[in-house]
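Presented below is the structure to which this report refers.
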Amino acid sequence: MKQRVFAVIKDHPQTLSGRIFSFSMTALIILNVVFVLIDTMKSQPETLSSISRIVEVVSVALFTLEYLLRLWTADLLFPESRPAVARLRYVVSGMAIIDLLAILPFYLPMLIPIDLRILRLLRLIRLIRVFKLGRYAAGLGTVGRVLKKQAPALVSSMSVVVLLMIVASVLIHHVENPSQPDQFDSAFSALWWAVATITTVGYGDVYPITPLGKIIGAVIALLGVALVAIPTGIISAGFVDEINTKHKSDSTCITCDECPPPPPIK
């Protein structure tokens, strides 16, 4: 029974029942996100409010059952560990923490008396359920693996971007502060201009008016175009490597004298 349950609920299942389970949970998560958006409406029909409460109760019940089943089958997920150690490893894993946060706001008011104003904030935490999609969608898992592999390069490139933002905010503050003391009263307020300029957003709420400030702004904008494109290239290269690795793992050796013969079928 445990083997059958594990085959259904494990990540990226291969069986038909497992795929149906993944599709159903994905649809349920999307439905939860839709009702989180609906709940932000000031005036909504009573019917929608009732449906939202029903969806919340059903979702928490199913997510709780899923969490308990994954905890029960954790020894199959980590067969090299003892059952107690395997369950502990599962509890502290990233996806298990997300699963727990997805249901915890529902049970927390039952266990701890909480100010009613805090309950609205806890309802917003339901958005954490959207991160559960990474368990059921293979594409999101690929994104996670790419970001993990390219993390050192991404951190290095983003460090350069942050350094440029700090230098730009300090420079523009010293140049524009005499002319616009309200807009550039400190380097921290100038940092907003630096972020909008380097990312080429350009809201236009804060901008330089002095000739030297305009020159600095033009230089920072051109540097921002080049530096912000670096993380994009790193992520693109990571996706190419991930796709090539997957193709190599999926390919089979047709004729190779060096390959060992397959084991005999009993």
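Position 1 is the first residue of the sequence; numbering continues from there.
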Quiz item: Does R82 come within less than 4.0 Å of D75, counting only side-chain N to carboxylate O?
Solution: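 Looking at R82 and D75, the cut-off is not met.
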Is there a side-chain contact between [X] and [Y] in this structure, where contact means two heavy atoms from C-beta onward sitting under 4.5 Å apart?
X	Y	answer
S52	I38	no
V228	T200	no
V161	M165	yes
F63	L28	yes
I51	F35	yes
N32	E56	yes
M1	F6	no

Side chain of [X], backbone of [Y]: donor and acceptor closer than 3.5 Å?
X	Y	value
H173	A190	no
D99	Y67	no
E176	I209	yes
R87	L71	yes
N244	V240	yes

Quiz prompt | Single-linkage hydrophobic cluster I20~L62, side-chain heavy atoms < 4.5 angstrom | solution = no
Practice problem: Determine whether V162 and I220 fall in the same hydrophobic cluster, where Ile, Leu, Val, Met, Phe, Trp and Tyr are linked whenever their side-chain heavy atoms lie under 4.5 Å apart. | Solution: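 Result: no, two separate clusters.
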Quiz prompt | Side-chain donor-acceptor contact under 3.5 Å, T73 with Y90 | solution = no
Practice problem: Begin with the C-alpha distance, continue with both residues' side-chain angles, and end with the deciding distance and a verdict on side chain to side chain donor-acceptor pair (under 3.5 Å) for Y207 and T197. | Solution: CA-CA 9 Å; Y207 52 89; T197 303; over 6 Å; no
Quiz item: Y203 vs W192 aromatic rings, parallel, tilted or perpendicular, using cut-offs 30° and 60°?
Solution: parallel
